[in-house]
*Asks:* 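The structure that follows is given in the form of structure tokens.
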Amino acid sequence: MNVSRRGFLKLSGAVAAVSGLGISLKPAAAHAKELKIKYAKETTTVCPYCSVGCSIIVSQRDGKVINTEGDPDSPINKGSLCSKGGSIYQMAVNENRLEKPLYRAPNTAEWKEVEWEWALDKIAENIKKSRDASFKRTNTKGELVNRTEGIASVGSAAMDLEECFTYQKFLRGLGLVYIEHQARI
Amino acid sequence: MTNHWVDFKNSDVFLIMGSNPASNHPVSWKWIQHAVENRGAKIICVDPRFTQSASKAHVYAPLRSGTDIAFLGGMIKYIIDNRLYFEEYIKHYTNASYLVNPAFKLPGENRGVFSGLKNGKYEKDTWSYQTDTEGVIKKDFTLRDPNCVFQLLRKHYSRYTPEIVSKITGTPKDKLIEIYKLYGSTGKPNRAGVELYAMGWTQHTVGVQNIRTMCIIQLLLGNIGIAGGGVAAMRGESNVQGSTDHGLLFHIWPGYLGTPTGSLKTLAEFNEKRTPKTKEKNSLNWWKNFPKYSASFLRSMYGTSTSLEEAYQLLPKLDDGANYSWLQIFDDMYKGKFTGFFAWGMNPACSGAHSNKVRQAMTKLDWMVNVNLFDNETGSFWRGPGMDPAKIKTEVFMLPCAASIEKEGSIANSGRLMQWRYKAVNPPGEALPDGDIMSELFFRVKKLYLQKSGPNSRAITKLTWPYGKFEGKHFHYNPRAVAAEINGCFLQDKTVENPTKKGEFKTFKKGDLVPTFAWLQDDGSTSSGCWVYCGSVGEKGNLAMRRGTKDNSGIGLYPDWAWSWPVNRRIIYNGASVDPNGKPWDPRRAVIKWDGAKWTGDVPDGVGDPGKGRPPFIMKPDGVASLYGPGLADGPFPEHYEPLECPVEKNLMSPQKNNPTIKRFDKPGVGSDLDVYSGVDTCDPRYPFVATTYRVSEHWQTGVLTRWCPWLAEMQPGMFVEMSNELAEERGIKNGDKCIVRSPRGEVECTAIVTPRFKPLVINGNDIHQIGIPWHYGWITTKDRKYNKGDKKAEVFTFGDAANLLTPTIGDANTMIPETKAFMANVVKKEVR
């Protein structure tokens with residue numbers, strides 16, 4: 001019998017129900033106990049690196065990622081992953097992740113941890129100041145252009161589709177025309 | 001990609017050129033190998049370096065970086081000379097038969113340029129078609145008229161003989177012929193060939209034309225639209241297809257709607273200008289629907305709170321002919337044009353060509369917002385190599401965001417497949433999803449403009465943002481709501497005629513999701529954020545979440561796995577996979593089939609009822625694919641030009657050395673003092689080697705994520721320069737020696753990897769060396785930099801800085817994608833000058 005890992009989990013989950021048949025499933029149950037993903041909650045994701053779009057199963061327990069592995073159901077990768085895709089566990093479980101907003105004041109030599117509220121308020125004020133100072137209602141030909149010339153943006157193909165749409169909405173609403181990202185390079 | 005990843009299993013011949021999928025899209029190799037094992041497919045790999053893909057190929061040939069058009073131009077000549085082309089296909093489905101203006105001149109008869117070149121720009125009047133009194137394009141279906149596209153194509157590439165191609169590319173003549181013959185074998189209806197490219201083709205001053213040359217080959221061989229065929233643009237990021245679809249580029253709104261310019265004063269003028277017209281009576285000309293898509297996009301921005309006209313007026317306009325792209329941004333930034341800058345999920349201090357210029361440019365800003373998962377060379381630019389923080393005024397905000405498994409949402413892979421990702425865990429510490437961060441910023445800016453006056457403030461205050469809700473002070477962004485808005489909905493009750501069944505009507509209620517983009521309206525009664533995604537969310541929910549694994553097609557379409565744009569079609573242009581009577585060219589590999597009453601198989605593309613004469617390439621105004629492409633800036637046929645920086649004095653093909661329509665940043669009044677090149681007019685002995693950049697499997701892009709993952713950093717710990725045994729001997733370099741790679745713009749320390757994977761190329765009788773460097777590194781994860789208290793320190797350090805410190809500010813004539821795959825450099829052992 002060809003049992004995939006997911007199929008195996010389904011079988012082992014059925015141990016209690018069928019044990020009344022008098023068949024000993026102890027070896028299988030013992031094996032299942034050893035799996036590190038026992039009691040884990042599984043969700044699926046798609047690899048954030050290249051554009052093949054391999055599916056990955058993420059197992060978490062108590063809010064911590066405990067395992068990531070290729071998703072055998074995906075018709076694209078059928079469970080396979082490359083070195084990068086196989087490492088996304090380390091992107092979530094990584095003590096070097098940024099956990100607080102950082103601020104570098106002009107002409108200083110270090111980062112300071114700051115509160116979100118403070119940082120977002122200050123950025124919003126910066127946006128308004130730069131926008132108001134550089135806003136061009138008309139160009140040199142007198143055509144209505146309604147654009148902010150003093151702010152540029154790059155990014156990002158690393159965001160989700162929904163975020164990409166929302167981000168362009170934000171930028172175009174502000175009047176930006178200097179909008180670029182990874183696709184250009 | 002025209003097709004999709006699993007479709008590789010249907011191919012007979014793979015041409016891997018301009019890419020290295022075995023290293024950079026590793027899982028795609030599963031399907032390449034499947035084709036080799038199950039149908040005896042052959043792999044051709046053409047690359048300056050003997051790559052991992054080359055090691056698995058049946059035929060490998062080297063070529064000099066930047067000479068792909070010469071190589072492929074020779075293939076076009078071979079295909080035509082040996083009548084390997086698919087005659088019926090090109091007659092019916094391409095513009096081969098179209099008659100061109102007799103005044104049009106080819107480079108072979110016009111000193112290396114097409115007719116109409118004036119001050120670095122083409123005036124295209126001679127590139128037009130001959131038309132009859134009704135304006136219909138004149139055609140010669142015998143393909144014999146000397147002015148027909150097919151004959152012009154033959155004439156143009158008659159100059160690309162194996163002898164001259166070999167002298168330019170350095171590819172041995174016998175290898176050229178072997179490859180031309182093998183790939184040319186896919187011109188038969190029962191054979192399929194696919195080309196796989198990536199940044200190895202785009203990052204050139206002739207990038208678009210590299211790809212055009214291949215498109216011409218694929219059309220000549222009838223390989224577009226069929227299973228196992230197509231052109232596979234293997235993109236470098238998991239969602240760069242999607243971010244492009246959603247218009248995060250200066251020149252397009254979401255759904256490839258060209259951004260308006262100031263001269264288009266009203267929405268009507270904009271629609272008129274952007275909607276193509278045709279006199280070809282059988283052509284469907286799908287883009288005639290442009291006004292429906294522009295109106296629906298405007299509604300997705302402002303809802304019904306403004307009129308369509310006001311929405312159009314509120315949004316920013318470009319100047320006609322002006323460029324606002326990447327290289328221009330950093331040029332303008334260096335000149336102090338910007339006070340503010342967002343580097344959102346990007347690391348331009350390493351990813352931007354001429355990174356020294358990019359890093360200097362950022363010192364001119366008043367403020368920068370950098371959103372990322374880890375500390376990086378962009379956010380921390382002010383403390384990078386050679387920087388004096390005390391002299392840098394830029395205020396920097398580094399905002400921590402959630403990783404892909406710490407939020408939910410969808411991404412689109414290269415095969416246009418939109419797949420949903422679920423949230424597994426919360427982001428660490430106070431990190432937030434990007435959607436939350438941009439929403440928080442939006443509401444704050446909006447509040448400021450409601451409180452205080454400012455120019456054109458309605459553009460901000462009227463934007464709709466029904467994307468979640470406030471819980472306490474914090475806004476929680478809901479990607480499912482955004483996905484529905486991207487799909488689109490009806491904004492009022494409306495009865496609409498079924499676009500596919502005349503006389504049948506359907507009534508929609510306000511708020512109903514629009515079933516597909518064919519139902520979108522131009523009167524403001526529908527909203528849709530990006531028309532190509534219309535159909536992704538509907539009565540059956542968000543189709544990107546689907547996990548069905550059935551494949552009745554037998555060719556790996558898997559139509560119930562997630563959802564692909566447009567309308568869940570898996571192979572685009574599949575209307576060209578059948579003959580004009582609806583019969584598949586290859587019945588064993590049918591993509592679609594006419595069963596007498598309806599089409600079966602994949603979602604059909606461009607077909608009407610069989611035999612009615614509709615040409616299938618409906619996104620082209622005339623309905624046929626372009627062997628002749630007058631829309632481009634640098635010529636209707638690709639012509640070989642040398643990279644801007646190159647090791648040869650002359651272009652052997654013509655007196656015109658470089659692409660005549662590129663923007664040179666070293667010209668007075670154009671770029672900056674930092675924009676210097678080498679080897680442009682004459683060879684520069686200080687920089688004698690062709691250099692190219694590439695990737696390794698273990699890192700991604702600038703390494704902004706992967707350098708912080710110890711497993712990956714350990715496997716590929718640092719910057720190296722790969723060179724041939726011959727070059728190493730000439731320079732006294734041994735494997736493992738520390739070296740300096742230098743260009744006129746900067747230098748990078750590298751570890752030497754001396755291998756037979758590079759060999760000197762014989763270019764017009766001279767030995768030319770090529771070197772290669774990966775581009776994944778940066779100073780932030782190195783051991784020897786200065787660390788402040790509280791700084792994050794990589795668990796496994798990496799070595800070396802960005803390859804882009806060496807690359808030039810020069811871009812493709814059409815796209816301005818930088819030429820980072822072919823530039824000149826030197827390599828010396830460290831401490832030797």
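So you know, we letter chains A, B, ... as the sequences are listed, proteins then strands, and number each from 1.
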*Asks:* To the nearest 0.5 Å, tell me how far Ser243(B) OG sits from Tyr167(A) OH.
*Replies:* 12.5 Å

*Asks:* Could you tell me which portion of Lys64(A) (side chain, backbone, both or neither) has an atom closer than 4.5 angstrom to a non-hydrogen atom of chain B?
*Replies:* backbone

*Asks:* Looking at Arg184(A), Gln168(A), Glu143(A), which has the largest count of heavy-atom pairs under 4.5 Å with chain B?
*Replies:* Arg184(A)

*Asks:* Taking the six-membered ring of Tyr449(B) as reference, does the cationic atom of Lys128(A) (NZ for Lys, CZ for Arg) lie under 6.0 Å from its centre and within 45° of its axis?
*Replies:* yes

*Asks:* Please classify the contact between Asn126(A) and chain B as side chain, backbone, both or neither, with a heavy-atom cut-off of under 4.5 Å.
*Replies:* both

*Asks:* State whether the side chain of Ser55(A) and the backbone N or O of Val46(A) hold a donor-acceptor pair below 3.5 Å, judged by distance alone.
*Replies:* no

*Asks:* So which residue, Leu174(A), Ile56(A), Thr140(A), Leu98(A), ends up with the most heavy-atom pairs under 4.5 Å with chain B?
*Replies:* Leu98(A)

*Asks:* Can you tell which of Asn139(A), Leu81(A), Thr148(A) has the highest number of heavy-atom pairs within less than 4.5 Å of chain B?
*Replies:* Asn139(A)

*Asks:* Heavy-atom pairs under 4.5 Å with chain A - which of Tyr422(B), Phe442(B), Trp367(B) has more of them than the others?
*Replies:* Trp367(B)

*Asks:* Given that the side chain runs from C-beta out, which part of Glu113(A) has a heavy atom under 4.5 Å from chain B: side chain, backbone, both or neither?
*Replies:* neither

*Asks:* Within 45 degrees of the ring normal and closer than 6.0 Å to the centroid, is that where the cationic atom of Arg147(A) sits relative to Tyr324(B)?
*Replies:* no

*Asks:* Heavy-atom pairs under 4.5 Å with chain B - which of Leu176(A), Thr43(A), Val177(A), Thr166(A) has more of them than the others?
*Replies:* Thr166(A)

*Asks:* Decide whether Glu237(B) and Ser51(A) meet the rule of one side-chain donor and one side-chain acceptor closer than 3.5 Å.
*Replies:* no

*Asks:* Side chain, backbone, both or neither: which part of Gln203(B) has a heavy atom under 4.5 Å from chain A?
*Replies:* side chain

*Asks:* Could you look at Thr549(B) and say if it's the side chain, the backbone, both or neither that has a heavy atom under 4.5 Å from chain A?
*Replies:* side chain

*Asks:* Start with the C-alpha gap between Lys100(A) and Glu115(A), add the side-chain angles, then the distance that decides, and say whether salt bridge (charged side-chain N to carboxylate O under 4.0 Å, His left out) holds.
*Replies:* CA-CA 7 Å; Lys100(A) 266 197 86 92; Glu115(A) 297 305 319; 3.1 Å; yes

*Asks:* Please determine, among Pro75(A), Ser74(A), Ser83(A), Cys164(A), the option with the most heavy-atom pairs under 4.5 Å with chain B.
*Replies:* Pro75(A)

*Asks:* Give the minimum heavy-atom separation between Gly379(B) and Met398(B), together with the two atoms involved.
*Replies:* CA-SD, 4.3 Å

*Asks:* Within the structure provided, determine whether Trp708(B) and Glu795(B) are in side-chain contact (heavy-atom separation under 4.5 Å).
*Replies:* no

*Asks:* For chain B, which of Asn94(A), Thr108(A), Thr68(A), Ile88(A) has the most heavy-atom pairs under 4.5 Å?
*Replies:* Asn94(A)

*Asks:* For each of Cys401(B), Pro428(B), Ser404(B), tally heavy-atom pairs with chain A at distances under 4.5 Å, and name the one with the top tally.
*Replies:* Pro428(B)

*Asks:* Sort Asp366(B) into side chain, backbone, both or neither according to what part of it lies under 4.5 angstrom from a heavy atom of chain A.
*Replies:* neither

*Asks:* If you count heavy-atom pairs under 4.5 Å with chain A, which of Leu417(B), Thr820(B), Ile329(B), Asn372(B) comes out on top?
*Replies:* Ile329(B)

*Asks:* In terms of heavy-atom pairs under 4.5 Å with chain A, which of Ala431(B), Ala794(B), Ser410(B), Gly429(B) leads?
*Replies:* Ser410(B)

*Asks:* Ignoring hydrogens and angles, tell me if any N or O in the side chain of Lys169(A) forms a donor-acceptor pair with the backbone of Ser300(B) under 3.5 Å.
*Replies:* yes

*Asks:* Sort Leu314(B) into side chain, backbone, both or neither according to what part of it lies under 4.5 angstrom from a heavy atom of chain A.
*Replies:* backbone

*Asks:* Under a 4.5 Å heavy-atom cut-off, does chain A meet the side chain of Lys391(B), its backbone, both or neither?
*Replies:* backbone

*Asks:* With a 4.5 angstrom heavy-atom cut-off, which part of Trp711(B) approaches chain A: side chain, backbone, both or neither?
*Replies:* both

*Asks:* Please name the pair of heavy atoms, one in Ser351(B) and one in Met346(B), separated by the smallest distance, quoted to 0.1 Å.
*Replies:* OG-CE, 4.0 Å

*Asks:* Answer yes or no: is there a donor N or O on one side and an acceptor on the other, between the side chain of Thr706(B) and the main chain of Trp700(B), under 3.5 Å?
*Replies:* yes

*Asks:* Name the region of Val52(A), side chain, backbone, both or neither, that has any atom closer than 4.5 Å to a heavy atom of chain B.
*Replies:* both

*Asks:* Considering all heavy atoms of both residues, which atom of Arg97(A) and which atom of Ala92(A) are nearest to each other, and what is their separation?
*Replies:* NH1-CA, 4.1 Å

*Asks:* Please classify the contact between Met199(B) and chain A as side chain, backbone, both or neither, with a heavy-atom cut-off of under 4.5 Å.
*Replies:* side chain

*Asks:* Check each atom of Lys462(B) against the heavy atoms of chain A and say whether the ones under 4.5 Å are side chain, backbone, both or neither.
*Replies:* neither

*Asks:* Where on Glu408(B) is there a heavy atom nearer than 4.5 Å to chain A: the side chain, the backbone, both, or neither?
*Replies:* backbone

*Asks:* Using modelled atom types only, decide if a donor and an acceptor are shared between the side chain of Asn146(A) and the backbone of Gln313(B) within a distance under 3.5 Å.
*Replies:* yes

*Asks:* Who among Asp319(B), Val6(B), Leu463(B), Thr259(B) has the most heavy-atom pairs with chain A under 4.5 Å?
*Replies:* Asp319(B)

*Asks:* Is there a donor-acceptor contact under 3.5 Å linking the side chains of Gln328(B) and Tyr178(A)?
*Replies:* no

